2 protein chains.
Amino acid sequence: MAAKQFVQEYEDHRREELIKATYMEVAEKGYSNVTLQDIALRAGVSKGSTLYYFASKEDLFLGAAEWMSQRVQNRIVDAVAIVEDPIEKTKALINSLFTNAQETRNFFLAYTDFVSMGTRNKRFHDLNARFYRSCGVQDREIIEAGIESGAFRKLDIEDATSMLRALVDGLMLQWFFSSDGTFEDYRRRCERVVIDYLTGGSVNKNDAEV
Amino acid sequence: MAAKQFVQEYEDHRREELIKATYMEVAEKGYSNVTLQDIALRAGVSKGSTLYYFASKEDLFLGAAEWMSQRVQNRIVDAVAIVEDPIEKTKALINSLFTNAQETRNFFLAYTDFVSMGTRNKRFHDLNARFYRSCGVQDREIIEAGIESGAFRKLDIEDATSMLRALVDGLMLQWFFSSDGTFEDYRRRCERVVIDYLTGGSVNKNDAEV
DNA sequence: TGTATAAAACTGACCGGTCAGTCAATTGAG
DNA sequence: CTCAATTGACTGACCGGTCAGTTTTATACA
């Protein structure tokens, strides 16, 4: 039984190694430009092994997408849990997506790739929709609590959650294109605009004037 | 000379046909899944002809990206020109991007694909950055005028333009994933949230309460 | 107007390269 | 010895790009 356990863990480890390698490759090259050879090389195994652990290339990518979703979701939950104030929670949520330039870049590129697949491949579509919804639960709760407590103004919940999510995605996109402005500038802009919208500008007026 | 003119126009027509076909194929399948055969078939020519008019597959896609940019930009400029009020101008800008479900879907999918290429291919990156900047001129002018006239509250121009663009992109993304809410819902939400942010909620409070 | 000639437009078979997936052979732990 | 894990050579499908050849159009001339 102990041996069986060990084997299982070993197998899971291998699978995770392959998934991480896939995720990194997708971020760097984009789905269609990644070969099984690339993934195998990065994971330190042979090409044959990739298909020993996963039935197909598609399954491998599906695993990577799921892994990424889970990872981001956990990160959000953890970051939000350690603060109380709705405004701080909102900032924590934004910061758990805008972590640092390299990581955010990887995440965003992989994310858009999976999104793109999601619109064309049924299997990926379900996953993405689920991912999107599960993140949504977090921000909805924060915003509801914020309105309840009076920290935020009286807003339509749907509008506010949509706005928060749209701004994070949209500003990441802008950061990629704009040669003017650092990653940190965009992170702070996201915080500022969201909080400004939620509170009606009653909080960080002074910050904005700087 | 007249004949030469005709030939030129005919050639341009053919090129445009190929570009349109490429755009549609990209929207439906995504860059990497489109073959020259697909494009030729849709344009009603042979595969050989695609490379008679364009040096390579990449050039064909570059043409499609440029065409799309130009088309969207013209549409924005036209839509914005026929109204005066900053709030109406802002709505017109949003509506020229949220046209209808089918067209917006095609635009958005092609757009994200070109964006994805832009991060990996120098030639596409320049194009996208230019596109992004040229659209930016429009919204910046509108927002500056709005603040000047007092229709909008005193906002940081950068924050406001960023916010407008991010919200359009972000809400399109959401519309793809959400099974709840029609295209029209998202179009109106975009209008509502942007105007609410720009005016500080002094305009369509009543709308939001519905 | 009809005919000859040149040029441009167009075609699809073909080539070379790539890559997902297969499988027979090898390794090594128990 | 057994069997799961691992490998990489191999296969067949696919696709971008080439090119020799065909068709269409424009031009020149009688």
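Quantities reported herein were computed from a predicted structural model and do not represent experimental measurements. A, B, ... follow the sequence lines: proteins, then strands. Residue 1 opens every chain.
- If you measure from atom CZ of Arg14(A) to atom C1' of dA5(D), you get 9 Å, rounded to the nearest angstrom.
- For the pair Glu17(B) CD and dA9(C) P, the interatomic distance rounds to 16 Å; values are reported in whole Å.
- Taking the six-membered ring for Trp and the full ring otherwise, Phe183(A) and Phe98(A) have centroids separated by under 6.0 Å.
- Dashed line: the shortest gap from a side-chain N or O of Tyr52(B) to OP1 or OP2 of dA9(C) is under 4.0 Å.
- By the 6.0 Å contact criterion, CZ on Arg42(B) is enclosed, its count of non-hydrogen atoms from other residues, nucleotides or ligands being greater than 12.
- The side-chain hydrogen bond (donor to acceptor under 3.5 Å, both in side chains) search around Ser69(A) returns none, not counting sequence neighbours.
- At dT6(D), one or more side-chain N or O atoms of Tyr53(A) fall inside 4.0 Å of OP1 or OP2 (strictly under the cut-off).
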Please write out the pairs of protein N or O atoms and N or O atoms of nucleotides 19-24 of chain D separated by less than 3.5 Å, giving the distance to one decimal.
none

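- Ion pairing between a basic and an acidic side chain is recognised when a charged N comes within 4.0 Å of a carboxylate O; Arg75(A) and Glu103(A) show such pairing.
- Taking atom CZ on Arg15(A) and atom P on dT6(D), their separation rounds to 13 Å, with Å as the unit.
- Salt bridge absent: Glu84(A) and Lys89(A) never bring a charged side-chain N and a carboxylate O closer than 4.0 Å.
- Checking the phosphate oxygens (OP1, OP2) of dC10(C), no side-chain nitrogen or oxygen of Ser46(B) falls inside 4.0 Å.
- Salt-bridge formation is detected for the pair Asp126(A)/Lys122(A): a Lys NZ or Arg NE/NH1/NH2 atom is positioned less than 4.0 Å from an Asp or Glu carboxylate oxygen.
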Between protein and nucleotides 13-16 of chain D, what N or O pairs are separated by less than 3.5 Å?
residue : atom : partner  : partner atom : Å
dG16(D) : OP1  : Val34(B) : O            : 3.4
dG16(D) : OP1  : Lys57(B) : NZ           : 3.0
dG16(D) : OP2  : Leu36(B) : N            : 3.0
dG16(D) : N7   : Lys47(B) : NZ           : 3.1

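- In this structure, Arg14(A) does not pair ionically with Glu17(A), as no charged nitrogen and carboxylate oxygen lie closer than 4.0 Å.
- A salt bridge does not link Arg188(A) to Glu191(A): none of the charged side-chain nitrogens sits closer than 4.0 Å to a carboxylate oxygen.
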